[in-house]
Each structure stands twice: as C-alpha cells, then as structure tokens.
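In this text, all values refer to a predicted model and were calculated from it rather than measured experimentally. Residue numbers start at 1 and run along the sequence shown. In each ligand, atom 1 is the first atom listed, and ligand 1 is the first ligand listed.
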Amino acid sequence: MTQDELKALVGQAALAYVPDGGVIGVGTGSTVNCFIDALATMKGRIAGAVSSSEKSTERLRAHGIAVLDGNAVDSIPVYIDGADEIDRRGNMIKGGGAALTREKIVADTAERFICIADESKLVDTLGRFPLPIEVIPMAAAQILRKLRRLGGEPSLRAGVVTDNGGHIIDVRGLAIADPAAMEREINQWPGVVTVGIFARNRASVCLLGTPQGVRTLEF
Ligand code: 5RP
C-alpha cells in the first residue's frame with residue numbers, strides 16, 4: 001500500500017471516534033485532509049468542527065461542514081489530527097504544516113486526542129523529524145542562538161508566515177529523551193509562541209496505518 005492509501009485508511013477509521021451530535025476538533029495536514037473528506041459523508045451527524053488552520057477551515061467549509069469559533073465552544077470530546085512523529089507513549093512532534101499553535105490550542109480544549117498517522121511516523125525517540133517552533137519574528141535570532149546552545153541545528157523556515165503572523169524555526173539534531181521537559185523548557189523562552197512537542201497534550205489513541213490494516217495504540 002502507498003503512503004497515501006495508508007493515510008486514507010486511517011482517515012476513514014477515525015470516523016468511529018466521532019461522537020453523534022457533538023463538536024469535534026480538526027487538525028491540519030494531508031492525513032487530516034483524508035479525514036475531512038471522509039467526515040463529509042456523515043456531516044449531518046455532528047454539530048460542527050473547531051478547526052486548527054485556515055487550510056482545514058477552507059476544506060471543511062467546501063464540504064458544507066460548519067466551522068465553529070473555539071471561543072464559543074465549552075467542550076470538544078475529540079480532537080483528530082496527524083503527527084510528524086509519535087513515540088510509544090503518545091508524545092508527538094507536530095508543526096510540519098506550520099499549524100502547531102492552533103493545533104495545540106484545540107488539543108488542549110479537547111478531552112481526547114486521536115492521532116491518525118501512517119506507520120512511518122512511529123519512532124522510539126522523537127527528534128529525527130526537525131522540531132518546528134513558532135516564534136515571534138523579532139525574537140528569532142535570540143531563539144536560534146539558544147537552540148544552538150541546546151545542541152540543535154536550527155534554521156528559519158524560508159518564506160513561511162503562520163496563520164498567527166509568526167515565523168517557524170526547524171531544529172535538526174535533537175534527540176528528545178524527555179519530551180515533557182524539553183517542551184517546558186523551550187516554551188518558557190521569550191518570543192516562543194509554541195514548540196512542536198506535544199507531550200502535555202499527547203495522544204490518547206493513535207490509529208496507525210499499516211499494510212496489514214489499522215493498528216490501534218492506546219496510551
Ligand atoms: C501540521 C501538522 C501535521 O499534523 C503534520 O505535519 C502531519 O502532516 P501530514 O498528515 O501531512 O503528514 O502538525 O502542522
């Protein structure tokens with residue numbers, strides 16, 4: 001099976017986690033696009049979606065799915081999103097699509113995070129995928145220096161401005177042995193909007209696409 005077929009498989013499988021009549025959180029990326037397309041077949045069964053990016057909002061609306069303002073919603077039973085990497089405890093690296101800040105906001109509101117990913121995303125230790133960090137532009141140079149001191153090789157993602165007007169730094173060469181500690185550390189630097197480590201908001205469940213079918217990992 002191709003990677004695209006695996007993404008379609010888990011996008012479809014995630015429908016089983018969509019609560020009848022509820023509001024769901026929707027992530028961003030190519031795997032989530034498969035989920036949104038599948039969701040369109042049962043859109044009458046949900047009250048609407050809180051979206052994590054302008055791109056997902058556009059796709060949801062194109063299918064006629066109501067997009068709700070997160071500020072107007074008290075609870076989101078499930079948040080469905082992809083990941084760039086996920087470890088065996090449900091910690092993730094996210095932000096390959098530059099939507100990490102809004103993704104973390106919606107994930108933080110949600111009761112459960114259902115991660116959908118093809119099997120190439122499962123790792124023992126996070127860090128092979130360059131770690132994205134959204135920063136306020138005027139702080140970029142200082143944050144690049146601090147990341148070098150931490151042992152990483154950071155670079156500014158060229159030409160990218162996030163939905164929030166931020167810039168993205170990608171950090172190579174970090175072996176993230178303690179995701180929660182690194183998330184806490186980087187998040188407190190002035191000018192960091194969000195680091196793409198999702199440990200505090202880790203996955204509750206991962207639907208992993210494999211050639212043998214969907215493997216469900218519960219954390
Ligand atoms: C976007 C993300 C995505 O979830 C992540 O990049 C995975 O994307 P894809 O499903 O296209 O592989 O964090 O900011």
Handout entry: ring pair (Phe, Tyr, Trp, His ring centres under 6.0 Å) partners for F198, two or more places apart
Key = none
Practice task
Give the intermediate values and the outcome of side-chain contact (heavy atoms from CB on, under 4.5 Å) for residues R184 and N187.
Solution key: CA-CA 5 Å; R184 262 196 313 274; N187 257 347; over 6 Å; no
Problem - Nitrogen or oxygen of V32 less than 3.5 angstrom from that of ligand 1 - result: no
Problem - Sub-4.0 Å atoms of ligand 1 with respect to non-hydrogen atoms of A99 - result: 14 (O)
Handout entry: K55 side chain to T28 side chain, donor-acceptor N/O pair below 3.5 angstrom
Key = no
Handout entry: Salt bridge flag under 4.0 Å for residues E183 and K104
Key = yes
Problem - Protein residue, atom and distance nearest to atom 11 (O) of ligand 1, heavy-atom basis - result: S30 OG, 2.5 Å
Practice task
Enter the distance from L39:CG to I65:CD1 here, rounded to the nearest 0.5 Å.
Solution key: 4.0 Å
Fill in the blank from the handout: Looking only at protein heavy atoms, what sits closest to atom 12 (O) of ligand 1 is K121 NZ, 2.8 Å
Ignoring hydrogens and angles, write down the donor-acceptor pairs under 3.5 Å from the side chains of residues 106-113, residues two or more places apart or on other chains.
unit_1: D108; atom_1: OD1; unit_2: R200; atom_2: NH1; d: 3.3
unit_1: D108; atom_1: OD1; unit_2: N201; atom_2: ND2; d: 2.9
unit_1: T109; atom_1: OG1; unit_2: I105; atom_2: O; d: 3.0

Exercise for the section: Would you mind running through ligand 1 and noting each atom that sits below 4.0 Å from a heavy atom of D84? Expected result: 5 (C), 6 (O), 7 (C), 13 (O)
Problem - Element-labelled atoms of ligand 1 that are located less than 4.0 Å from some non-hydrogen atom of K94 - result: 2 (C), 3 (C), 4 (O), 13 (O)
Handout entry: Pair D4, T2: side-chain N/O donor-acceptor within cut-off below 3.5 Å
Key = no
Handout entry: S51 side chain to S56 side chain, donor-acceptor N/O pair below 3.5 angstrom
Key = no
Problem - Non-hydrogen atom of A83 closer than 4.0 Å to ligand 1 - result: yes
Practice task
Of the side chain and backbone of P132, name the one, both, or neither that has a heavy atom under 4.0 Å from an atom of ligand 1.
Solution key: neither
Exercise for the section: Mind checking whether A117 contacts ligand 1 via backbone (N, CA, C, O), side chain (CB onward), both or neither, at a 4.0 Å heavy-atom cut-off? Expected result: neither
Handout entry: Proximal atoms of ligand 1 relative to T31 (non-hydrogen, under 4.0 Å)
Key = 9 (P), 10 (O)
Exercise for the section: Can you sort out which atoms of ligand 1 are near G97, meaning under 4.0 Å from one of its heavy atoms? Expected result: 1 (C), 6 (O), 14 (O)
Handout entry: Check: G29 N/O within less than 3.5 Å of ligand 1 N/O
Key = no
Practice task
Output the list of atoms in ligand 1 that are nearer than 4.0 Å to some heavy atom of G82, sorted by atom number.
Solution key: 4 (O)
Problem - For T28, the ligand 1 atoms whose distance to one of its heavy atoms is below 4.0 Å - result: 1 (C), 2 (C), 3 (C), 4 (O)
Problem - Proximal atoms of ligand 1 relative to E103 (non-hydrogen, under 4.0 Å) - result: 1 (C), 2 (C), 13 (O), 14 (O)
Problem - T162 versus E134, side-chain donor and acceptor atoms under 3.5 Å - result: yes
Handout entry: Spacing of D84 atom CG and K94 atom NZ [to the nearest 0.5 Å]
Key = 6.5 Å
